[in-house]
Amino acid sequence: MNITLTLPDGSQKQFEAGVTGRQVAESIGAGLARAALGIKVDGELRDLDRPIAADAQVAIVTAGRDAPDADALYLLRHSCAHVMAEAIQRLYPGTKLAYGPPVENGFYYDIDCPSAITEEDFPRIEAEMERIIGEDRPFTRYEMSRAEAERKLAGDEYKLDNVARADGDVMSFYATGEPGRDWEDLCRGPHVPSTGRIGAFKLLSVAGAYWRGDASRQQLQRVYGTAFPDKKQLKAHLAALEEARKRDHRVLGRQLGLFHIDEAVGQGLVLWKPKGAVVRQELQNFISEELRRQGYHQVFTPHIGKLGLYRTSGHFPYYRESQYPPIIEHDELARLADEGATCAELSNRMAAGTVDGYLLKPMNCPHHIRIFASEHRSYRDLPIRLAEFGTVYRWEQSGEIGGMTRVRGFTQDDAHIFCTEDQVTAELLGCLSLVRTVFQTLGMHDYRVRVGLRDPDSGKYVGAPENWDKAEAACRAAARSLGVAFSEEPGEAAFYGPKIDFVVKDVIGREWQLGTVQVDYNLPERFALEYIGADNSAHRPVMIHRAPFGSMERFVGVLIEHFAGAFPPWLAPVQAAVLAITDAQLDYAREVLEQLKEAGLRAEIDTSSEKIGKKIRAAELAKIPFMFVLGAKEAESRSVALRRHGKGDEGVLGLAEAVALLKAKVTERALA
RNA sequence: GCUGAUGUAGCUCAGCUGGUAGAGCAGCGCACUCGUAAUGCGCAGGUCGUCGGUUCGAGUCCGACCAUCAGCUCCA
C-alpha cells in the first residue's frame, strides 16, 4: 500500500506504508539524510527510524543553519539527558532515575542518588558522557504493554509512577544501543538517531527538587545541563548567559548605587538609595499623572490595622503563615504574662479573636474599603477609584527572597475601584489601557498576559460560583480587547477572584508577575459594602483591584535589567555629566551646571584633576545619558561638545540648545 | 521552608597540605592641566559573616547560626 507524504514546500511524494523518516530524507538527498535528527509527522516530533503508516504532512528536522532549530534542540537535549543519566548511573551505582525532560534552555534529570553530587563531580560525569557520545550508539526504541512494563520495572518506584501516570496502553523504552545489552530508560521519546549526534553539551548546576513537585515528598537531586548541535552554539549560549549576568539588577543596583539590602535591617527589606529613589519617584510621578487623567483619587493609609479588619477580609485566618506575626499592645501583653499564657495559647486566642492586636498590612484593600464605607455612597458617585502607593509586608519564605524582585516589604501602585456590575467591563478596559500606556512608554514589549481562573478542583476560593462565572467572563472579554495573545490558566486566580496578570522575564529567564488586574465580588460581600441605586434601595458594589506596576521594588528591579542600567533621560538618576577638559574650564562648567539645574535637570560636575578620557569613562560607566564636554573652544563660544551614553561624540552645539534638547527628551519621556 | 554551593578591604578576587593577611579598582594626598572609555607617585583601609569547638597556634579543620547564590516548594 502506498501513502502520500507532503513536504514543507508543498510537494508530495509517494512511499510505501511503513517508510521511515530516514528513508524519506534519503529520497530527498544524501546531505539531508546525514543532517537529519528527527522528523515531524503532522506536527508531531518523532524518531527518524519510526515507520510512518499513513498520509501525512512531514518535515525533516535538522540542526538548523543559523539559529538552532527548536525541534532539533528538543531531540538533542532529551537525548543528552539520557546520556547523562547513563553516565551518572555508571559512576554512582545505586542511583535511581525519576524524571528527565528537556526544558527551555537545556535539560535536567531528577535522580535519587546515594551520594551527593556537586559541581566538582561534573568533570567526571562529563568525561563519561563524552565516552558514550564517542561510541555513537543508536537510540533504539521498543514497546511493550503496560502490564509488561510494570513487571519489568518492578521495584523502581519512580519509573512505576511514570508508567501509572502515562497515557495509553503501550509503553516505550529507549536503549542507548542494543536493547537488553545496553543502558535503557522508560521514555516516551523521541530521540536523535544516535549518541554521536549530540554535538556539544555542558552540565550547569545541581539543586534539590521534590519528587512530582510536592514539598511533602522526598527530595531528589536535579542535575541541569544544556546541549547544542555544535560547540560554537554552546559557546555562544554560555557567553550570552555571562552577558545576562552583567545586567542582573542586583549587580547593577550596587554598581549604580540604586539600592541596598542590609543584613542589619533584615532579609528582603529594600533600602532605596538616593539614585534609586529618583527612579522610583519619577515612575510614581508618571503613574500619578495617568491616574489623575483617569479619574482616580489618591489616598494615604497607615502601615498597620487591627487584626479584626483582616479577620473580616479573610487575610488573617487564611494567610497567617505568610504575614509578620501580629503586634500586641503593652497592656494586653502584660495581662497575658500575668496569666502565664504560653505562645501557643496566645496564638490560639488570636485565631479565636479573644486577643486583639495589629497587623502590618499584607494588602491595602481593607483600608481602602473602610474609606469607601466611611460615607453613604450613591450610584451617581460610582465608580469610585482610590489609589495609593501603599506599602505592604508579607512573610515570604527565606529561600525565595532575593534582590528587589522578591522581598518582604514592598510598595504597590495600588488602587481599588468600587463600581456597579454594569461598569465592571469598562473599568477593566480602563485598567488595561493604563497598563498598556505604562509598558509602551517604557518600551517593554516582551511580556505575556495571563488570565488566572479558579481551579475547579480546589476549595481555596471564596464567593458564589455564579459571581465567579461573571467575573471570569469579564476578565476574558477584557483580555481579548487588549489585542495581545493571552493564556487562560486555571488555578492562577486570587482566592477572592479571577485576574489578568502581566508577566515578564528577568535576565536569567525567571518569570515575574508585574501588573495585575483582579475582579472581586467577595470583599464587598465580607465588608457588606453598599451604595444606593437609582431605585432608592441598597446594592452591593463590585471591586476591582489593580496595580499596573505590581510593586515598585519588583518593577524597578525588572526595569534595571530591561534598560541594562542605562535609563532613558527622564528616569536617569543623573541626566547630565558636566566634564571640563582642564581646570581652566571649571568656571564655565559650573555655569553650565547651574543652567542645567535651572532647567530642572539632574546634573553632576566632575571636578577631579583627571584627563578627559577618565572623566568620560566614569560617566559612561555610571550610564549617564548626556555628557557635556567643555574645552577652551566651548568656553570661548559658550557651547558644549555633546556626548551621549553608548553613542559617543555628537558634535558641538550651543549651551541653550543642548540644555533644551535634554529638557525635551525628559519632558517627552523619550526612550533615547 | 528544603537541597547544594558560597561568605577575606567599599567592589572584584588571591591566600598550597593550620604558623596572627595580599593585589587590582574605588577612596584620600601630591604632582600633572591633558579634546571623547583608565596619567604617575604615595597614603590609608580587614574583629577573614557570627558564635562556639579542636589545637601550643585557625582565614585555613569541626559544629551551630546568619546572609548570599542556584534550583525546588510557595507567592492573598
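Naming convention: chains lettered A, B, ... in sequence-line order (proteins, then strands); numbering from 1 in each chain. None of these values were measured; they are calculated from a predicted model.
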Practice problem: Give the B/S/- string for nucleotides 28-38 of chain B, one per nucleotide from 5' to 3', where a protein heavy atom under 4.0 Å of the base yields B, of only the sugar-phosphate yields S, and otherwise -. | Solution: ---BBBBBBBB
Quiz item: Along nucleotides 59-71 of chain B, 5' to 3', which nucleotides get a B, which get an S, and which get a -, given that the test is a protein heavy-atom distance under 4.0 Å?
Solution: -------SSSSSB
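In terms of the ring-ring contact (aromatic ring centres under 6.0 Å, His included) criterion, Y109(A) has no residue partners (sequence neighbours excluded). Residues passing the salt bridge (charged side-chain N to carboxylate O under 4.0 Å, His left out) test with K306(A): none are found, sequence neighbours excluded. Take Q585(A) and apply the side chain to side chain contact (heavy atoms under 4.5 Å, CB included) test, not counting sequence neighbours, and it matches A580(A), I581(A), T582(A), A632(A), A635(A). Qualifying side chain to side chain contact (heavy atoms under 4.5 Å, CB included) partners for E650(A), counting only residues two or more places apart in sequence or in other chains: L642(A), R644(A), K647(A). Residues meeting the salt bridge (charged side-chain N to carboxylate O under 4.0 Å, His left out) test with R590(A), sequence neighbours left out: D587(A). For E553(A), the salt bridge (charged side-chain N to carboxylate O under 4.0 Å, His left out) criterion is met by R280(A), not counting sequence neighbours. Scored by the salt bridge (charged side-chain N to carboxylate O under 4.0 Å, His left out) test, E489(A) finds R448(A) as partners (sequence neighbours excluded).
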Each nucleotide N or O in nucleotides 10-12 of chain B that has a protein N or O under 3.5 Å away: list the pair and distance.
{"residue": "U12(B)", "atom": "OP1", "partner": "R254(A)", "partner atom": "NH2", "Å": "2.9"}

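Checking D110(A) against W211(A) by side-chain atom types alone, no donor-acceptor pair falls below 3.5 Å. With no hydrogens or angles considered, a side-chain donor-acceptor pair links E388(A) and H368(A) at under 3.5 Å. A side-chain N or O of Y158(A) and one of D112(A) form a donor-acceptor pair less than 3.5 Å apart.
Taking the six-membered ring for Trp and the full ring otherwise, the centers of F107(A) and H78(A) sit at least 6.0 Å from each other.
No engagement by S313(A) is indicated, since no non-hydrogen atom pair under 4.0 Å with the nucleic acid exists.
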Quiz item: Reading RNA chain B 5' to 3', what string of ( ), [ ], | and . shows its pairs, if Watson-Crick and G-U wobble pairs count only when both distances fall under 3.5 Å?
Solution: (((((((..((((.....[..)))).(((((.......))))).....(((((..]....))))))))))))....
Side-chain donor-acceptor distances from residues 262-269 of chain A under 3.5 Å, at least two apart:
{"residue": "D262(A)", "atom": "OD1", "partner": "A264(A)", "partner atom": "N", "Å": "2.7"}
{"residue": "D262(A)", "atom": "OD2", "partner": "H260(A)", "partner atom": "NE2", "Å": "3.0"}
{"residue": "Q267(A)", "atom": "NE2", "partner": "S398(A)", "partner atom": "O", "Å": "3.4"}

